[in-house]
Amino acid sequence: MLRQQFDLIRQDLEASRKRTHPKHIDPYDIFCAMLYVIKNGCTWRDLPADYPKWSTVYYYWMSWSKAPTPDKPALLTQVLKKIVADRRLRQGRSARTSFVILDAQSIKNTATAENKGYDGGKKISGIKRHLAVDITDRDGAIVNLEQFKLARTMMVDSGYTGQNFANEISSLTSAKVIVVKRNELHQFSVIPQRWLIERSFSWLENYHRLWRNCERKLNTSLMMVSLAFIRLLLKRY
């Protein structure tokens with residue numbers, strides 16, 4: 001990643017810590033080390049010597065990926081939301097979307113994962129990743145549940161039908177839910193608009209660390225996905 005691209009979020013990342021002494025490590029090098037881990041799928045201890053010490057990188061990762069309080073999201077989540085809002089404003093749109101497409105992806109766990117389930121349809125033991133993107137989908141973005149309150153329309157596939165899901169959505173937002181069903185022959189076909197969310201999942205496959213759920217904690221898995229989308233968006237500047 002270019003320094004000019006990182007400078008768009010440098011101030012936000014640096015503001016997370018109080019500076020009591022001169023800075024010896026460039027946050028740019030720390031951020032690039034994190035991108036190396038997610039891109040190549042290596043462990044923190046396997047970081048090349050060209051980057052800062054792995055324990056230092058991991059310390060910053062823990063600092064940026066943990067929510068400081070229950071009411072305040074993690075720093076990486078805040079940065080992602082800021083980039084998404086900035087991109088939308090640059091395109092002449094409102095900072096937040098009113099139309100989202102929601103879908104889930106089932107991925108296998110590694111032996112270290114604490115949480116797991118079973119997808120009977122795809123015969124996969126692991127976890128599900130849920131993504132929500134806006135209708136134009138120039139930028140992939142993770143959308144938290146509280147942001148659904150501003151959505152007026154939500155598009156989902158047949159896997160989200162059911163009274164429990166309807167009740168949950170009703171308690172969060174008054175959005176209209178549109179269910180798009182696949183063809184009855186179970187043959188692959190590109191469904192208008194639904195393909196946008198599938199493309200977002202395909203972008204995650206460019207990161208080896210995300211091919212499986214390698215993380216022990218679910219929040220760590222979420223932050224890895226957020227980091228991938230932060231990189232994706234910054235590369236477009």
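Throughout, residue positions are numbered sequentially from 1 according to the sequence presented.
- Each of Gln5, Gln4, Arg10 was scored for a side chain to side chain donor-acceptor pair (under 3.5 Å) with Asp7, with one residue passing: Arg10.
- The two residues Met1 and Cys32 make their nearest non-hydrogen contact at O-SG, 4.4 Å.
- Here the shortest heavy-atom pairing between Asn213 and Ala113 reads ND2-CB, 3.7 Å.
- Of all heavy-atom pairs between Ser94 and Leu89, the closest is C-CD2, 4.3 Å.
- What you find for Pro52 and Val57 is that their closest heavy atoms are O-CG2, 3.8 Å.
- Side-chain atoms of Ile107 and Arg212, non-hydrogen and from C-beta on, never get closer than 4.5 Å to each other.
- Listed for the Asn40 side chain is no donor-acceptor partner under 3.5 Å among the backbone atoms of Cys42.
- Counting non-hydrogen atoms of other residues, nucleotides and ligands closer than 6.0 Å to CZ of Phe201 gives a total above 12.
- Residues Leu218 and Met224 fall into different hydrophobic clusters, defined by Ile, Leu, Val, Met, Phe, Trp and Tyr side chains chained together at heavy-atom separations under 4.5 Å.
- Linking Ile, Leu, Val, Met, Phe, Trp and Tyr residues whenever their side-chain heavy atoms come within less than 4.5 Å places Val225 and Met62 in a single cluster.
- At a threshold of 4.5 Å between non-hydrogen side-chain atoms, the residues Lys82 and Asp12 count as touching.
- Counting non-hydrogen atoms of other residues, nucleotides and ligands closer than 6.0 Å to CZ of Arg3 gives a total above 12.
- In this structure, Tyr36 OH and Asp50 CG are separated by 9.0 Å, a value rounded to the nearest 0.5 Å.
- Residues Met223 and Trp64 are not in side-chain contact: their nearest non-hydrogen atoms beyond the backbone lie 4.5 Å or more apart.
- In this structure, Leu204 and Leu131 have side chains that are in contact, with non-hydrogen atoms separated by less than 4.5 Å.
- Aromatic ring pairs are classed by plane angle as parallel below 30°, tilted from 30° to 60° and perpendicular above 60°; the pair Phe6 and Phe31 is tilted.
- Dense packing is recorded around OH of Tyr118, with more than 12 heavy atoms of other residues, nucleotides or ligands lying under 6.0 Å away.
- Within the 4.5 Å cutoff, no side-chain heavy atoms of Lys235 are placed close to those of Leu2.
- Here Lys217 contributes atom NZ and Lys66 contributes atom NZ; the two are 9.0 Å apart, rounded to the nearest 0.5 Å.
- One hydrophobic cluster holds both Tyr59 and Ile30 under the rule that ILVMFWY side chains link at heavy-atom gaps under 4.5 Å.
- Judged purely by atom type and a 3.5 angstrom limit, Asn109 has no side-chain atom pairing as donor or acceptor with the backbone of Ser125.
- Here Arg209 contributes atom CZ and Leu227 contributes atom CG; the two are 10.5 Å apart, rounded to the nearest 0.5 Å.
- Shortest non-hydrogen contact noted between Pro68 and Pro73 is CD-O, 3.6 Å.
- The minimum heavy-atom distance linking Ile127 with Asn115 is given by the pair CG2-O, 3.5 Å.
- Taking CG of Leu80 as the reference point, atom CG of Leu234 lies at 9.5 Å (rounded to 0.5 Å).
- Looking at heavy atoms from C-beta onward, Ile83 lies in side-chain contact with Tyr237 at the 4.5 angstrom threshold.
- In this structure, Ile38 and Arg231 have side chains that are not in contact, with every pair of non-hydrogen atoms separated by 4.5 Å or more.
- With rounding to the nearest 0.5 angstrom, the CG atom of Leu232 is 5.5 Å from the OH atom of Tyr207.
- To the nearest 0.5 Å, the span separating CZ on Arg216 from OG1 on Thr110 amounts to 9.0 Å.
- Looking at heavy atoms from C-beta onward, Lys39 lies in side-chain contact with Asn206 at the 4.5 angstrom threshold.
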Please test Arg90 against Asp86 for salt bridge (Lys or Arg N to Asp or Glu O under 4.0 Å), starting from the C-alpha separation and ending with a verdict.
CA-CA 6 Å; Arg90 286 171 178 263; Asp86 179 71; 2.8 Å; yes
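- Ser63 places no side-chain N or O within donor-acceptor distance of the main-chain N or O of Tyr60, the cut-off being under 3.5 Å.
- Between Trp61 and Trp44, the ring-plane angle classifies as tilted under the 30° and 60° cut-offs.
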